[in-house]
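Notes follow once the structure below has been shown.
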Amino acid sequence: MSIVSSIQQRVLESLSLLFDQTFTEKDFQVSETKPEFEGDYTIVLFSLVKSLKQSPDAIGNRLGEKLIADHPQLFTGFNIIKGFLNLSIADEFWTSLLEENYANADFGTAASTGKKVMVEYSSPNTNKPLHLGHLRNNFLGWSVAEIYKASGFEVIKSCIVNDRGIHICKSMIAWQKYGNGATPQSTGTKGDHLVGEYYVRFEDDLKAESQVLINKIKLGDLTDFAGADLSKLDKLLVALTKLDEVKDADKITKLHGEIRELARNCTPVMCAAKDMLLDWEQGKPEVIDLWKQMNGWVYEGFDVTYKRIGSDFDKTYYESNTYLLGKDIVQQGLAKGVFYKKEDGSTWIDLTAEGLDEKIVQRKDGTSVYITQDIGLALQKYEQYKIDESIYVIGNEQNYHMKVLQLICQKLGMPNADKIKHLSYGMVELTTGKMKSREGTVVDADDIVEEMVATAQHHTEELGKVKDFNEAELKDLYDILGLGAMKFYLLRVDPKKTMIFNPEESIDFHGFTGPFVQYTHARIRSILRKEGITGSGISDPFSKEEELLKLEKNVLITLEQYPAAIRQACVEQDPSVIANYVFNVAKTFNSFYTEHSVSNAETPGKKALRLRLAVMTANTLKSGMKLLGIRVPERM
RNA sequence: GGACCGGUAGCUCAGUUGGAUAGAGCAUCAGCCUUCUAAGCUGAGGGUCAUUGGUUCGAAUCCAAUCCGGUUCACCA
């Protein structure tokens, strides 16, 4: 039990004995005492004033005395200042905590809950390489999975690969047109990057061709349009001439946008891509073969990146397999009256009562839409793995979609539908603004990782502390530091917030960074190496008579909070809780470290205590960083 | 226009089940390496917590309104 809940319970007990009233934890607050006051933990008395009808001081005095009388082994003193009861905790509490846990590498992790959770993350498209935003996603997904494991869950990491659809055909069309049979081998280009290049080529063509069409439209030449497109265009143009008279700028821009969209859709390249998608759906062999080949290149490229950044999955779903899922569910939903058919034969759900809109779940031709396969996959996940909780790590632009998905699952009466959780994260922006692929401002994942590792190498060489490392050891160290800095930088911010990626700040290895924490760990390991402590066990007893110094106690107080930090990170699905915690541990230890020597402690008893303190700090740093997917070095 | 998210120091961010003088890191300035790793430590300056009103012993935190920024409201995925 944590110190805070221990105090809470003792206070509850004492209150009911003293005042013959029952209280709950919510009736008062236990918090850390501010440094400028004496004591370790503080109880706010104001909230008790009303129900007890006594002054805060009177309550505080009686409560403080009672606590000390009944629990002298826990409380050693108290003072009351302006309605705050400050309690001093016995050294004994902290030293026992240390003795019991310093060698326990699993300190902070919870016992098994027997529950299963699936964390779906990464979910890439197979038409271009991963970028900075994907890194945030991958690091978040991995970390949340680790945090759930540490909280006693069985975790299944999954990934849905978006390997099908018009966007994939785009790369294929451009490759056919410009590729001349180019392969990753023949060009020496990483597969995902190669395919990405053709995606860009396609977009360039599309831009050029749609500009041609728009110019023709301006001249009144509509010969490139036919059928429904033509009549729609006609309507738009008529509307536009009308609007020109009233000069409604917003609506005019909107209409221009629609015309541009229509033109894009009617370009020859776009038509070619659409035809290819139809061929793909009909299983035309040469299209399927090309699709398999190019997807294969992308997977090889992704594999390299995933290995590099340490992402992996227990189960990979492919959209090419799942996109037909959910059709039977539509039938069931119709039978249950959750869905309804419109006159044209399309199937819908009405969510207006929930403050949302009507959403289509199946087209009139019977084909699925995006949400349909998601419903199907959500159910399949449950049936295959009997999961208790399902987490989706997806960007916040899909908040609405995920809300709809959960609502539909609930209405369909799917098991654990209320345990579908969207870990919604904000975009990563640059100091210069948003990343835009069209403007070439996208930060490539592979590039940024190599840059970070190179920076780590540069700093390390400059400091010259590991000159005796061999080449493999150096390479590993640079990876640990570079990737550590990168992961920490992206995970230290609340996931749901849009974050700014500042290249200069991200390669800073000082302050609130991964390398700072890693450095603290390496420093401790250095002490332990010199003291000949290889395992975690220390046989020398430490004296419990000597009073704990302020800085020693601060480290213990911080270490004690680790289990609570994991719990909070799990409940909030927020790795930044851990990043902040681990930084705090490192900072607190560093303050202690510069003031007091471990090896040359004043007495053997003190030395034995500080060695334990060092071991427990190192273990906690290592364990906490592991929850972020970050390794810590023995030396740096 | 509706829905959701955000606005805290020059910059990047913590802090919201309401509690004492609002915290870190970076940047700036001043100190600390014959003693366990200075990728470190100590200190200083820097704030109308977007604005206004309300709730109360007490509001960055709760409520209401307003302003600014973002996302979304596709028979695309």
Side-chain angles (χ1 to χ4, degrees), chain A residues 25-26 29 31 33-34 36-37 42 44-47 49-50 56 81-84 86 123 125 162 164-168 261 319 323 342 344 346-348 354-357 359-365 367-371 373-374 395-401 403-404 424 426-427 429 431 434 456 459-460 462-463 465-466 481 485 489 492-494 496-502 504-506 508-520 522-531 576-577 579-580 583-584 586-587 590-601 610 614 635-636:
Chain A
E25 289 101 6
K26 285 175 184 160
Q29 228 176 24
S31 53
T33 302
K34 303 260 172 195
E36 56 270 34
F37 301 103
T42 295
V44 183
L45 297 165
F46 294 106
S47 48
V49 168
K50 227 177 227 171
I81 299 169
K82 291 198 288 184
F84 296 88
N86 301 321
S123 308
N125 288 346
N162 193 345
R164 169 208 97 79
I166 192 79
H167 54 291
I168 311 297
E261 192 62 36
E319 218 165 85
Y323 83 104
K342 283 198 176 175
D344 65 358
S346 53
T347 310
W348 295 71
E354 282 77 17
L356 306 179
D357 310 289
K359 294 294 291 186
I360 189 161
V361 293
Q362 193 169 51
R363 298 190 188 98
K364 61 185 171 198
D365 61 5
T367 54
S368 306
V369 292
Y370 181 34
I371 194 89
Q373 56 176 305
D374 275 358
N396 61 10
E397 71 273 10
Q398 303 234 29
N399 283 357
Y400 181 78
H401 173 77
K403 214 175 189 178
V404 170
S424 164
M427 280 189 288
E429 291 181 2
T431 39
K434 287 183 191 174
H459 283 314
T460 306
E462 230 171 33
L463 290 167
K465 293 180 184 176
V466 288
L481 296 176
Y489 186 81
R492 68 185 200 182
V493 183
D494 181 352
K496 69 170 181 289
K497 285 194 175 170
T498 302
M499 67 172 290
I500 309 281
F501 183 87
N502 182 334
E504 284 165 33
E505 196 180 292
S506 70
D508 191 352
F509 286 6
H510 302 273
F512 187 24
T513 67
F516 172 91
V517 179
Q518 291 169 321
Y519 176 72
T520 308
R523 222 182 195 186
I524 295 173
R525 298 303 306 172
S526 166
I527 299 175
L528 299 177
R529 252 193 324 275
K530 287 187 177 159
E531 292 297 328
S576 76
V577 171
N580 279 287
F583 171 66
N584 202 18
K587 210 170 40 149
N590 281 333
S591 295
F592 156 78
Y593 174 96
T594 31
E595 282 300 315
H596 306 290
S597 174
V598 175
S599 302
N600 300 315
R610 288 182 189 164
R635 289 179 55 191
M636 64 186 272

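Throughout, protein chains are lettered first and strands after them, A, B, ... in sequence-line order, and every chain is numbered starting at 1.
Salt bridge annotation for A:Glu505-A:Arg492: present, with a cationic side-chain nitrogen under 4.0 angstrom from a carboxylate oxygen.
Among the heavy atoms of the strands, none lies under 4.0 Å from A:Glu429. At the heavy-atom level, A:Asp494 lies under 4.0 Å from the strands shown only through sugar-phosphate atoms. Among the heavy atoms of the strands lying under 4.0 Å from A:Arg635 is at least one base atom, whether or not backbone atoms are also near. At the heavy-atom level, A:Ser47 lies under 4.0 Å from base atoms of the strands shown. Using a 4.0 Å heavy-atom criterion, one finds that A:Ser599 contacts the bases of the nucleic acid, with or without backbone contacts as well. Nucleic acid contact for A:Phe516: sugar-phosphate only, since backbone atoms but no base atoms lie under 4.0 Å from a heavy atom of the residue. Among the heavy atoms of the strands lying under 4.0 Å from A:Asn396 are primed sugar atoms or P, OP1, OP2 only; no base atom is included. A:Thr431 comes within 4.0 angstrom of no nucleic acid atom, judged by non-hydrogen atoms across all strands. Within the nucleic acid shown, A:Phe37 comes within 4.0 Å of at least one base atom, counting heavy atoms only. Counting non-hydrogen atoms under 4.0 angstrom, A:Phe46 reaches a base of the nucleic acid. Nucleic acid contact for A:Met636: base, since at least one base atom lies under 4.0 Å from a heavy atom of the residue. Within 4.0 Å of A:Lys465, counting heavy atoms only, lies at least one base atom of the nucleic acid. When heavy atoms are screened at a 4.0 angstrom cut-off, A:Thr367 is found touching no nucleic acid atom at all. The residue A:Ser526 sits close to a base: some heavy atom pair falls under 4.0 Å.
If A:Gly165 and A:Leu45 are placed on RNA chain B by their nearest nucleotide, the residue sitting closer to the 5' end is A:Leu45. Residue A:Phe592 is the one, among A:Met427 and A:Phe592, whose nearest nucleotide of RNA chain B lies closer to the 5' end (criterion: closest heavy atom).
Taking atom P on both nucleotides, B:U48 is separated from B:C41 by 29 Å, rounded to a whole Å. As rounded to the nearest Å, B:U16 and B:A22 have C1' atoms that lie 13 Å from one another. B:G19 sits 26 Å from B:G25 when the C1' atoms are compared, rounded to a whole Å. Across the P atoms, B:A50 and B:A9 are found 8 Å apart, a figure rounded to whole Å. Rounded to whole Å, the separation between the C1' atoms of B:A24 and B:G15 comes to 10 Å. Comparing B:G1 with B:A59, their C1' atoms sit 33 Å apart, to the nearest whole Å. Nucleotides B:G7 and B:G43 place their C1' atoms 32 Å apart, quoted to the nearest Å. When the C1' atom is used for both B:C33 and B:U42, the distance is 14 Å, rounded to whole Å.
Annotated as syn: B:C33, whose O4'-C1'-N torsion sits within 90° of 0.
Remark: the backbone N or O of A:Ser597 is paired with a side-chain donor or acceptor of A:Arg610 at under 3.5 angstrom. Side-chain atoms of A:Ser346 do not come within 3.5 Å of backbone N or O of A:Lys342 as any donor-acceptor pair. Put simply, the side chain of A:Asn584 never gets that close to the backbone of A:Asn580: no donor and acceptor are under 3.5 Å apart.
Aromatic ring orientation, A:His459 versus A:His510: perpendicular (interplanar angle above 60°, classes split at 30° and 60°). Relative ring orientation between A:His401 and A:Tyr370 is described as parallel, the plane-to-plane angle staying below 30° on a 0-90° scale split at 30° and 60°. Ring geometry for A:Phe501 versus A:Tyr489: interplanar angle over 60°, hence perpendicular rather than tilted (30 to 60°).
We find the OH-CZ distance between A:Tyr323 and A:Arg164 to be 5.5 Å, quoted to the nearest 0.5 Å.
In this structure, A:Glu36 places its CD atom where more than 12 heavy-atom neighbours from other residues, nucleotides or ligands lie under 6.0 Å away.
A 4.0 Å heavy-atom criterion places the boundary nucleotides of RNA chain B facing chain A at B:A3 to B:A77, written 5' to 3'.
Base pairing of B:U55: no nucleotide in any strand meets the Watson-Crick or G-U wobble criterion (both distances under 3.5 Å).
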